[in-house]
Undergrad: 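Here it is, the structure, as structure tokens.
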Amino acid sequence: MSETKKLETEVTGPLKGVRIVDLTSVVFGAYATQILGDYGADVIKVEAPSPTGGGGFGGDIMRWPGHLPEGASPDLGPIFLTINRNKRSVLIDLAKPSGRNALLKIISTADVMTSNIRYAAMKKLGLAYEDIKAVKPDIIFVHAAGYGSDGPYAGLPAYDDLIQAGSGAAEILTYMDGNPQPRYLPTIMADKVSGLFFVSAVTAALYHKAKTGEGQFVEVPMLEAVTSFVLAEHFYDHVYDPPTGQWTYPRITNPDRRPYKTKNGHIGLMPYSDKQWEIFFELAGRPGVYEDPRFSTYKKRTQNIRELYAMIEELTETKTTEEWLDLLLPHSIPAVKMNRLDDLQNDPHLKAVDFFQRYDHPHAGPYFALKPPVRFSETPANIRRHPPKLGEQTAEVLREVGLGDEEIAALTAGE
């Protein structure tokens, strides 16, 4: 059994001293604000008591899916646990004047406010940027939107499936395998990619504020973020006007670009330079292949990548994964054992860096947290708080911003 770790007691990350009031939920915003929390920010997650699609239980919908261990609090589902550490949960009803006033009190102590509530609804609640700025003039207000406010889709609901469909992501696999059926990539790609744009936007706005003292309104639209992500390589020949050729980078949509079979599993293999390809074919017992004019230069290999990749597996099947790694790595030829999901927690590198960290949650029992992947030499990210139960720190935060016991009791009555 893995060693159970203790939570860190000190804030050590580069965002130490930054307070973020977080009205986001689901994955896009929650993934982003967890990263900011790992970096040291005090993230106050504001949740609503009214149902948000989570089976009538309220709070962030990601609290409720999954198969929980016996005895665990039902609001601590597996996805919620994975993307909501280093946060404090405050449960208040923003539809009530008292709830809105309590939120404004919290915001008056913050540097950043984030929301993925549709902006029209924020205006109705009296929580638009102008309303918040009146309370905290230097606030950084970050709106996680589906679509940019300048376009005709502004204000429409957006989910990962819709953004994968609208950004071109759902068509990519058709270029790879020839099956004309569009498909979603089997990961919540649009939310997580947009979340990373969100993190960079917050840190950039904080840098501007540190230099000038100015807050600002920041919009992070999913469709634009994910389309830019998809087209970074797949705009390809259409980047020119008029286009000079095809959509998609052919090396990436090659159907033979995949892990290759070995005698006992699969290997990820990526010779890249001319020299690496030459050595690979020599080690595979096929030295003449590299001399073929179709494959002898990077440009020619790119033009004939399908034929090149098609012949790799007939070579990799002649040895075990371990034999290939022993042959390739001394020559700096990029290669790695392919892990299945079941292999990840026993991967020697991930074990050595302590990537899967076991904690004991007081309301959910033992669970694994994924170590913050970015390493700061002077201001290390760390894990200081378990993912919170719904409303767990409501009274604590409200006291911090000056509310008395009677006001807190009135706000929390009926929870």
Undergrad: Between S149 and E219, do the side chains contain an N or O donor and an N or O acceptor separated by less than 3.5 Å?
TA: yes

Undergrad: Any side-chain heavy atom of P293 sitting closer than 4.5 Å to one from K300?
TA: no

Undergrad: Do the side chains of K87 and T33 get nearer than 4.5 Å, heavy atoms only?
TA: yes

Undergrad: Please, which pairs that meet ring-ring contact (aromatic ring centres under 6.0 Å, His included) have at least one residue in residues 307-332, sequence neighbours excluded?
TA: F280-W324

Undergrad: Could you tell me which non-hydrogen atom of Q34 sits nearest to which non-hydrogen atom of R85, and how far apart they are?
TA: OE1-N, 2.9 Å

Undergrad: Are the side chains of L325 and I267 in contact, using a 4.5 Å heavy-atom criterion?
TA: yes

Undergrad: Within a reach of under 6.0 Å around CZ of R183, are more than 12 heavy atoms found that belong to other residues, nucleotides or ligands?
TA: yes

Undergrad: Among all residues two or more places apart in sequence or in another chain, which pass the ring-ring contact (aromatic ring centres under 6.0 Å, His included) test with H266?
TA: none

Undergrad: I'd like to know if the side chain of E171 and the backbone of G168 have a donor-acceptor N/O pair within less than 3.5 Å.
TA: no

Undergrad: Name all pairs fulfilling the ring-ring contact (aromatic ring centres under 6.0 Å, His included) condition that reach into residues 155-179, sequence neighbours left out, sorted by first residue then second.
TA: none

Undergrad: Rounded to the nearest 0.5 Å, what separates atom OH in Y260 from atom CG in L315?
TA: 10.5 Å

Undergrad: More than 12 foreign heavy atoms under 6.0 Å from CG of N179: is that the case here?
TA: yes

Undergrad: Checking L7 against R384 for the side-chain contact (heavy atoms from CB on, under 4.5 Å) test, could you report, in this order, the C-alpha distance in whole Å, the side-chain angles of both residues, the deciding distance, and whether it holds?
TA: CA-CA 5 Å; L7 295 174; R384 308 171 305 282; 5.7 Å; no

Undergrad: Apply the test side-chain contact (heavy atoms from CB on, under 4.5 Å) to residues E278 and D274: give CA-CA distance (whole Å), side-chain angles for both, the deciding distance (0.1 Å), then the verdict.
TA: CA-CA 6 Å; E278 182 179 8; D274 292 356; over 6 Å; no

Undergrad: Taking only residues at least two apart or on different chains, which pairs with a member in residues 228-245 satisfy side-chain hydrogen bond (donor to acceptor under 3.5 Å, both in side chains)?
TA: H238-W247

Undergrad: Strictly distance-based, threshold 3.5 Å: is any side-chain N or O of D131 a donor or acceptor partner for the main-chain N or O of A128?
TA: yes

Undergrad: One thing to verify: whether K337 and D347 come together as a salt bridge, which I'm taking to mean a side-chain N less than 4.0 angstrom from a carboxylate O.
TA: no

Undergrad: For residues F368 and Q357, determine if any side-chain heavy atom of one lies less than 4.5 Å from a side-chain heavy atom of the other.
TA: no

Undergrad: Mind checking the OH-CZ spacing from Y249 to R257? Nearest 0.5 Å is all I need.
TA: 9.5 Å

Undergrad: Quick check: closest heavy atoms across L328 and L283, and the distance to 0.1 Å?
TA: CD2-CD1, 4.0 Å

Undergrad: Could you please spell out the steps behind the side chain to side chain donor-acceptor pair (under 3.5 Å) verdict for T318 and K263?
TA: CA-CA 6 Å; T318 63; K263 275 187 173 180; over 6 Å; no

Undergrad: What's the spacing between E3 CD and D354 CG if we round to 0.5 Å?
TA: 8.0 Å

Undergrad: Could you check whether any side-chain heavy atom of L36 comes within less than 4.5 Å of a side-chain heavy atom of T203, counting everything from C-beta outward?
TA: yes

Undergrad: What are the two closest non-hydrogen atoms of A32 and F198, and how far apart are they?
TA: CB-CD2, 3.4 Å

Undergrad: Would the number of heavy atoms belonging to other residues, nucleotides or ligands and lying under 6.0 Å from NZ of K133 be above 12?
TA: no

Undergrad: Check for a donor-acceptor pair, side chain of N254 on one end and backbone N or O of P250 on the other, with a separation under 3.5 Å.
TA: no

Undergrad: List the atom of D160, the atom of A190, and the distance in Å for their closest heavy-atom pair.
TA: OD1-N, 2.6 Å

Undergrad: Once side-chain hydrogen bond (donor to acceptor under 3.5 Å, both in side chains) is applied, what residue pairs with a partner in residues 6-16 remain, sequence neighbours excluded?
TA: T12-N382

Undergrad: Can a salt bridge be assigned to the pair D60 and K45 using a cut-off of 4.0 Å between side-chain N and carboxylate O?
TA: yes

Undergrad: Do the side chain of D75 and the main chain of L390 share a donor and acceptor less than 3.5 angstrom apart?
TA: yes

Undergrad: Any side-chain heavy atom of I44 sitting closer than 4.5 Å to one from D42?
TA: yes

Undergrad: Under the side chain to side chain donor-acceptor pair (under 3.5 Å) criterion, do Q393 and S89 qualify, and how do the steps go?
TA: CA-CA 5 Å; Q393 290 85 20; S89 173; 5.4 Å; no

Undergrad: Counting N and O atoms only, with roles assigned by atom type, does the side chain of R358 sit under 3.5 Å from a partner on the main chain of T4, one being a donor and the other an acceptor?
TA: no

Undergrad: Do the side chains of E396 and R88 get close enough for a salt bridge, i.e. N-O under 4.0 angstrom?
TA: yes

Undergrad: Within the side chain of H361, is there an N or O that forms a donor-acceptor pair under 3.5 Å with the backbone of P387?
TA: yes

Undergrad: We want to know whether T109 and R19 form a side-chain donor-acceptor pair, criterion being a heavy-atom distance below 3.5 angstrom.
TA: yes

Undergrad: Atom CE of M113 and atom CZ of F217: how far apart are they, to the nearest 0.5 Å?
TA: 10.0 Å

Undergrad: The test is salt bridge (Lys or Arg N to Asp or Glu O under 4.0 Å); show your working for R258 and E313 and say whether it passes.
TA: CA-CA 10 Å; R258 51 187 165 78; E313 192 159 87; 2.7 Å; yes

Undergrad: Does T248 form a side-chain contact (heavy atoms from CB on, under 4.5 Å) with I172? I'd like the steps, not just the answer.
TA: CA-CA 8 Å; T248 79; I172 295 173; 5.7 Å; no

Undergrad: Hey, would you say the Y129 and Y119 ring centroids sit under 6.0 Å apart?
TA: no

Undergrad: Does this structure show an ion pair linking D342 with R340, if we count only N-O contacts that are shorter than 4.0 Å?
TA: no

Undergrad: Does the side chain of I79 come within less than 4.5 Å of I83's, by heavy atoms?
TA: yes

Undergrad: Okay, side chain of D111, backbone of I140: is any donor-acceptor separation there less than 3.5 Å?
TA: no

Undergrad: Does R286 make a cation-pi contact with F281, if we ask for NZ or CZ under 6.0 Å from the ring centre and within 45° of the axis?
TA: no

Undergrad: Among residues at least two apart in sequence or on other chains, which ones pass side-chain contact (heavy atoms from CB on, under 4.5 Å) with T227?
TA: S167, L223, L231

Undergrad: If you count the non-hydrogen atoms of other residues, nucleotides and ligands that lie under 6.0 Å from NZ in K105, is the total more than 12?
TA: no

Undergrad: Quick test of your reading of the model: are R301 and E307 salt-bridged, counting only N-O distances below 4.0 Å?
TA: no

Undergrad: Backbone N or O of A110 within a donor-acceptor pair of the K136 side chain at under 3.5 Å?
TA: yes

Undergrad: Nearest 0.5 Å, what's the CD-CG distance between Q216 and D138?
TA: 11.5 Å

Undergrad: So, for A158 and G146, which heavy atoms are closest and what is the spacing to 0.1 Å?
TA: CB-CA, 3.4 Å

Undergrad: Could you check whether atom OH of Y184 has more than 12 heavy atoms from other residues, nucleotides or ligands sitting under 6.0 Å from it?
TA: yes

Undergrad: Flag yes if more than 12 heavy atoms outside K371 fall under 6.0 Å of its NZ atom; otherwise flag no.
TA: yes

Undergrad: Does a side-chain heavy-atom distance below 4.5 Å link I117 with H143?
TA: no

Undergrad: Quick check: closest heavy atoms across T24 and D22, and the distance to 0.1 Å?
TA: OG1-OD1, 2.5 Å

Undergrad: When rounded to the nearest 0.5 angstrom, what distance separates OG1 in T262 from CD in E317?
TA: 8.5 Å

